[in-house]
Each structure stands twice: as structure tokens, then as C-alpha cells.
*Asks:* 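Have a look at this one before I ask anything.
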Amino acid sequence: MGHGHPTRSLTGQPLPGPRTSSRPPSCKKHSVSTTSRGIVIAGGGLAAVRTAEQLRKSGYQGPVVVVSDEQHLPYDRPPLSKDVLHDSGKGVGDVIADVTLKPAEFYSDNDIALLRGAAAGSLDTAARTVTLADGMVLDYDELVIATGLVPKRIPSFPDLAGIRVLRSMDDALDLREHAASARRAVIIGAGFIGCEVAASLRKLGVDVVLVEPQPAPLAGVLGQRIGELVARLHRAEGVDVRTGVGVAEVFGTGGQERSDSGEEHGGQERSDSGEEHGGQERSDSGGEHGGQERSDSGEENRDHVAAVELTDGSVIDADLVVVGVGSRPATDWLVGSGVSLDNGVLCDEVGRTSEPHVWALGDVASWRDAGGHQVRVEHWSNVADQARVLVSAMLGQDAPSVVVVPYFWSDQYDVKIQCLGEPQAGDEVHVVEDDGRKFLAYYERDGVLTGVVGGGMPGKVMKARAKIAAGAPISDVLG
Ligand code: FAD
């Protein structure tokens with residue numbers, strides 16, 4: 001690999017100013033070698049930035065290169081389905097500035113080379129090179145895979161303007177622009193992103209129909225009981241929540257466009273692959289789907305979406321359709337590299353992959369947990385925890401010995417839904433507070449407190465952290 005292509009050596013990039021700690025110890029299997037090709041991080045999201053930052057904090061002084069296929073400076077994704085969508089008063093420049101993770105100076109000040117608009121195309125683990133889509137070859141001592149997820153699409157959907165997915169900044173800006181003139185939106189899939197988009201569109205005054213084949217929103221992650229409380233919240237805000245149904249056909253303004261696969265859509269694909277940013281996936285997810293267009297696809301030349309027919313025969317007029325049926329790991333570029341893949345990049349408990357000198361973290365990575373299970377987590381706070389552990393292991397330093405209790409949140413209207421621990425849909429759920437809008441529930445498995453979920457109860461959720469970490473009996477919180 002790499003013949004006939006330019007090779008970029010990362011050797012010898014001088015660091016600006018003194019570093020406080022010395023070069024990290026090396027010489028262990030998988031630890032940083034004493035050559036100076038440097039560390040390449042493939043991906044330009046939270047995991048890439050946290051890893052680069054952690055490398056410098058930990059005293060690593062060699063070259064660090066971040067390869068991002070996006071043009072934007074790395075940014076934070078959670079606001080994309082929240083403030084970015086519904087804060088329509090802000091200009092695009094301000095919106096982008098608000099969610100940018102680090103200013104440009106962070107990269108120059110820390111001697112981190114950020115290559116934007118540069119997609120990692122393939123990996124040669126024997127030569128220790130990553131070849132970019134434009135043919136450039138990067139050498140590495142250590143490679144960190146942080147390429148995140150690709151949203152799933154529904155292949156049988158017709159190619160109509162007005163059908164959207166949401167994963168990137170460009171998706172969000174595009175959806176925001178479209179939502180400004182939309183009258184009625186159908187959101188397919190009531191996972192976290194579907195629910196958050198529903199809330200944001202309601203704030204903009206758009207009529208929203210939320211379609212979910214499972215019995216309740218978020219049922220696959222939080223169970224039906226809590227899912228019903230979430231459905232109640234959306235109904236109170238005027239969302240038409242349709243559960244237990246999928247999408248049968250999609251019609252365009254030309255009248256005859258239709259999805260003709262005869263399949264039911266609206267969440268089957270998500271239900272076997274976890275939820276967006278709430279999932280802890282233990283099973284394999286499906287392939288990528290085509291069909292839903294991106295922002296730059298020349299919408300004006302095509303028929304526009306006009307209606308959606310559900311599997312119960314009802315037809316909903318709609319000028320906007322948002323597909324929120326989950327995502328899959330962005331690992332296409334690793335196929336054939338030798339890196340083991342199974343619902344993401346398979347890693348041990350510190351982020352080592354099956355190949356020497358190759359590591360992975362974030363949404364794309366399936367780490368082994370304390371119980372020996374492979375778990376892929378799509379949560380924001382997980383990323384920083386993993387970056388600390390991975391960088392320590394890579395540099396041969398002592399790993400942080402904190403007990404991490406998994407956490408994620410989701411903002412829907414004025415209610416912050418928070419989840420601490422590892423509740424599963426099959427756990428017994430104890431709803432201990434419910435005022436008709438806000439709620440608090442503990443999850444129990446085999447008599448043990450596995451997690452807590454609150455809607456609008458931040459203090460009470462966080463109070464359970466120590467007990468969950470200690471594996472306390474459920475009786476400790478039920479009193
Ligand atoms: P990403 O943020 O997806 O970054 C991966 C980056 O790699 C992307 O920039 C991608 O373009 C790039 N890339 C992909 N392939 C290549 C390639 N071949 N070469 C180079 N670059 C590549 N979590 C919560 O806990 N709470 C929330 O409220 C919440 N809200 C969310 C809302 C939205 C709309 C989304 C999409 C996610 C949300 N999350 C939330 C999840 C959280 O944002 C993710 O867990 C986090 O972004 C994961 O970071 P990452 O770096 O692993 O992946």
C-alpha cells in the first residue's frame with residue numbers, strides 16, 4: 001500500500017515551548033515506540049479531540065495528527081438535535097462557533113496537526129500507514145480509530161426532497177433551514193434523536209407525528225414503562241405519537257413515488273442495533289442504507305415528499321420526513337485491514353484492537369467490559385473516560401482507577417432525561433416519583449440497583465451514583 005502515493009512523514013515536528021513531563025516510557029507490547037512517526041487519530045469528533053488533548057496532558061511530545069473528513073473544526077454533537085435546531089434566531093456562524101469543541105489555536109498551540117476534509121481510506125497495519133482518500137499516506141507509530149457512526153437510511157425510500165437524517169453539523173444546518181418552512185413533519189423512529197428532533201420542531205411550531213414500531217418511545221433502551229412517560233410528555237406538547245406502527249409507503253408531490261419494498265419501516269433496524277446516543281450495543285448492526293439525501297443534493301430538481309402511509313393504513317400529509325432509525329459504526333475503511341470488526345471495532349478493556357499499535361474509542365469502538373462482554377456505547381461522557389484509559393495504556397502509564405458509572409442525558413422540552421448506570425429494558429422498573437411530567441425510576445435486576453432514570457430530576461439522579469457503583473441492593477433506594 002502507498003506505492004505511487006505521496007508519503008507524509010510525521011518525523012521531527014518541533015514542539016512549541018517546553019513540556020512539563022518527559023517522554024513517556026515505552027518498550028511494552030502496544031506501547032509507543034521510540035521512533036517518531038507519531039500518533040495518527042482517524043476521525044474528527046469528540047473522541048479524536050479528547051484523545052489528542054489527553055496525549056498532550058499526559059506528556060506525549062511526539063507528532064499528533066488528527067484526520068477528519070469534515071471541513072468544520074471538530075464540534076459537539078449533542079446540541080445538533082437541540083439548540084442548533086430550535087434556536088432559530090441565531091446566525092449560522094454563531095451556531096457553529098457555539099458548538100465548536102476547541103478554537104483553531106488549540107491545535108496550533110498544542111502542535112496538533114488537524115487535517116480537515118481528509119478521509120481515512122484504508123489501513124496497512126504491517127507498514128503502519130493510513131492512506132487517505134486523496135492518496136496521501138500517513139505513517140504512524142500508533143493509530144487511534146475514532147470515526148464514529150454513520151446514520152442508517154431506509155433503502156426502499158424513494159429519492160425525494162425533504163427526507164432527512166441527522167448526524168453531522170451539515171445535516172443539522174440543513175434540517176434547521178428546512179424546518180423553518182415546514183408545516184408537518186413525520187419523524188420515523190422514536191429513539192433519543194427522534195424524540196429530541198420532535199421536541200425541537202415543536203418549539204418551532206411544526207406539527208409533528210412521531211412514528212415508532214415498538215410499544216413506546218425509547219422502549220428498547222429504557223423499557224416500556226418509562227417509554228410511556230416519555231410518550232406522555234410529547235403528547236402534552238402536541239406531538240402525535242403513533243406507536244406499534246411502521247412506515248409502509250412514502251409518496252412524493254408527483255403522486256406516484258413510493259417505497260415499494262413492502263417492508264415495514266420505522267425502527268426495526270434500530271431495535272436490533274440499539275438507540276442513537278443511548279445505546280449499549282451487544283449485537284451486530286446492519287449495513288448502510290441509501291436513499292436519504294444530504295444537504296447538497298439539488299433538492300429543487302426533484303419531487304418533494306408529500307405523505308407517508310403507515311402500516312395501519314393511515315396516511316399522513318408531510319413536507320418533512322426525518323429518519324431516525326439508528327446508526328452503524330463507520331468502519332468501511334477498515335474492511336480487509338485485519339482489524340477485527342463486530343458491531344464496531346473490537347477492543348479490549350483499554351481500547352487495544354486485534355492489531356498491534358491500533359486502538360479505538362468512542363461510538364465506533366466496542367470495548368470489553370468488566371464482565372467480559374463487548375459493549376459499544378454511544379454516549380458523550382463515555383468518550384472522555386475512554387480517552388483517559390486508552391492514552392494511559394498507550395503511553396505505558398498507570399490507568400486511572402476510577403469506577404465509571406455510565407451516564408447519558410437527553411433534553412426534550414424543559415425536561416432533561418438522565419440515565420445513570422446500566423439499566424436494561426428487561427429490568428424491573430420502580431417508578432418512585434411521577435408528577436404527570438417529571439419522574440424518577442430505579443431499575444432492578446436480581447435484587448440489585450442497576451440504574452436510575454429521571455425526567456427533570458437532576459439532583460436525585462446523581463445521588464444514586466455511589467450506590468450504583470457499589471452494586472447496592474434495590475432496597476437501599478426503595479427504603
Ligand atoms: P463522532 O462525534 O461521530 O465523530 C466521528 C468523526 O469522524 C466525525 O467527524 C466523522 O465525520 C469522522 N469520520 C468518519 N469516518 C471518517 C474517516 N474515514 N476519516 C476521517 N474522519 C472520519 N450523547 C449524550 O450522552 N447525550 C446527548 O444528548 C447526545 N445527543 C446527541 C445528539 C446527536 C444529534 C448526535 C448525533 C449524538 C448525540 N449524542 C449524545 C452522542 C454523542 O454525541 C456521541 O457519543 C459522540 O459524539 C461520540 O464521539 P465520536 O468522536 O466517537 O464520534
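First listed ligand is number 1; within each ligand, the first listed atom is number 1. Just so it is clear, the model here is predicted, and its values are computed rather than measured.
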*Asks:* Only one of Arg77, Arg167, Arg328 clears salt bridge (Lys or Arg N to Asp or Glu O under 4.0 Å) with Asp363; which?
*Replies:* Arg167
*Asks:* What I want to know is whether Asp363 and ligand 1 share at least one N or O pair that is separated by under 3.5 angstrom.
*Replies:* yes
*Asks:* Taking the six-membered ring for Trp, are Trp409 and Tyr407 parallel (under 30°), tilted (30 to 60°) or perpendicular (over 60°)?
*Replies:* parallel
*Asks:* For atom 30 (N) of ligand 1, which of Lys82, His379, His72 has the closest heavy atom?
*Replies:* Lys82
*Asks:* Considering distance alone, does some N or O of Ala120 sit under 3.5 Å from an N or O of ligand 1?
*Replies:* yes
*Asks:* Side chain or backbone, does Arg77 bring an N or O within less than 3.5 Å of an N or O on ligand 1?
*Replies:* yes
*Asks:* Going by the side-chain contact (heavy atoms from CB on, under 4.5 Å) test, name the single residue among Ile226, Val452, Leu449 that passes it with Tyr443.
*Replies:* Ile226
*Asks:* Between Gly44 and ligand 1, is there a nitrogen or oxygen pair with a distance under 3.5 Å?
*Replies:* yes
*Asks:* Just which atoms of ligand 1 are under 4.0 Å from any heavy atom in Ala47?
*Replies:* 50 (P), 51 (O), 52 (O)
*Asks:* With respect to Arg167, determine whether any N or O atom, backbone or side chain, lies less than 3.5 Å from an N or O atom of ligand 1.
*Replies:* yes
*Asks:* Tell me whether Glu177 at atom CD has more than 12 heavy atoms from other residues, nucleotides or ligands lying less than 6.0 Å away.
*Replies:* no
*Asks:* Applying a heavy-atom cut-off of 4.0 Å, say which part of Phe192 lies close to ligand 1: side chain, backbone, both or neither.
*Replies:* neither
*Asks:* Any idea which of Asp69, Leu123, Asp170 brings a heavy atom closest to atom 21 (N) of ligand 1?
*Replies:* Asp69
*Asks:* Is the closest heavy-atom distance from Ala42 to ligand 1 below 4.0 Å?
*Replies:* no
*Asks:* So, do Phe192 and Gln412 sit near enough that their side-chain heavy atoms are less than 4.5 Å apart?
*Replies:* yes
*Asks:* Say whether Gln424 and Thr450, considering side chains only, have a donor N or O and an acceptor N or O under 3.5 Å apart.
*Replies:* no
*Asks:* Say whether Ser410, considering both its backbone and side-chain N or O atoms, lies within less than 3.5 Å of an N or O atom on ligand 1.
*Replies:* no
*Asks:* Please assess Val67 against Val130 for the test side chain to side chain contact (heavy atoms under 4.5 Å, CB included), listing each intermediate value before the final yes or no.
*Replies:* CA-CA 10 Å; Val67 177; Val130 172; 5.9 Å; no
*Asks:* So which of Glu237, Lys203, His234 actually passes side chain to side chain donor-acceptor pair (under 3.5 Å) with Tyr413?
*Replies:* His234
*Asks:* Any N or O of Trp380 that comes nearer than 3.5 Å to an N or O of ligand 1?
*Replies:* yes
*Asks:* Number the atoms of ligand 1 from 1 as they appear, then name those within less than 4.0 Å of a heavy atom of Leu46, with their elements.
*Replies:* 49 (O), 51 (O)
*Asks:* Could you tell me, atom by atom, which parts of ligand 1 come under 4.0 Å of a heavy atom of Gly148?
*Replies:* 3 (O), 5 (C), 53 (O)
*Asks:* Does ligand 1 have any atom sitting under 4.0 Å from a heavy atom of Val67?
*Replies:* yes
*Asks:* Taking 4.0 angstrom as the limit and counting only heavy atoms of Ala119, give me the atoms of ligand 1 inside it, by number and element.
*Replies:* 19 (N), 20 (C)
*Asks:* Any non-hydrogen side-chain atom of Ile187 less than 4.5 Å from a side-chain atom of Val208?
*Replies:* yes
*Asks:* In ligand 1, which numbered atoms sit nearer than 4.0 Å to a non-hydrogen atom of Ala118?
*Replies:* 20 (C)
*Asks:* Whether the Arg376 and Asn343 side chains hold a donor-acceptor pair (N or O, under 3.5 Å, no angle test) is what I'd like checked.
*Replies:* yes
*Asks:* Does Ile193, backbone or side chain, put an N or O under 3.5 Å from an N or O of ligand 1?
*Replies:* no
*Asks:* Indicate the ring-plane relationship of His379 and Phe408, choosing parallel, tilted or perpendicular according to the 30° and 60° boundaries.
*Replies:* tilted
*Asks:* Please list, in number order, the atoms of ligand 1 under 4.0 Å from a heavy atom of Glu378.
*Replies:* 41 (C), 45 (O)
*Asks:* I need the atoms of ligand 1 closer than 4.0 Å to a non-hydrogen atom of Phe408, numbered in the order shown.
*Replies:* 25 (O)
*Asks:* So if I count the atoms of ligand 1 from 1 in the order they appear, which ones are less than 4.0 Å from some heavy atom of Gly362?
*Replies:* 52 (O)
*Asks:* Is the closest heavy atom of Glu196 to ligand 1 under 4.0 Å?
*Replies:* yes
*Asks:* Below 4.0 Å from ligand 1: does a non-hydrogen atom of Pro79 turn up there or not?
*Replies:* no
*Asks:* For ligand 1, does Ala146 get within less than 4.0 Å through its side chain, its backbone, both, or neither, judged by non-hydrogen atoms?
*Replies:* backbone
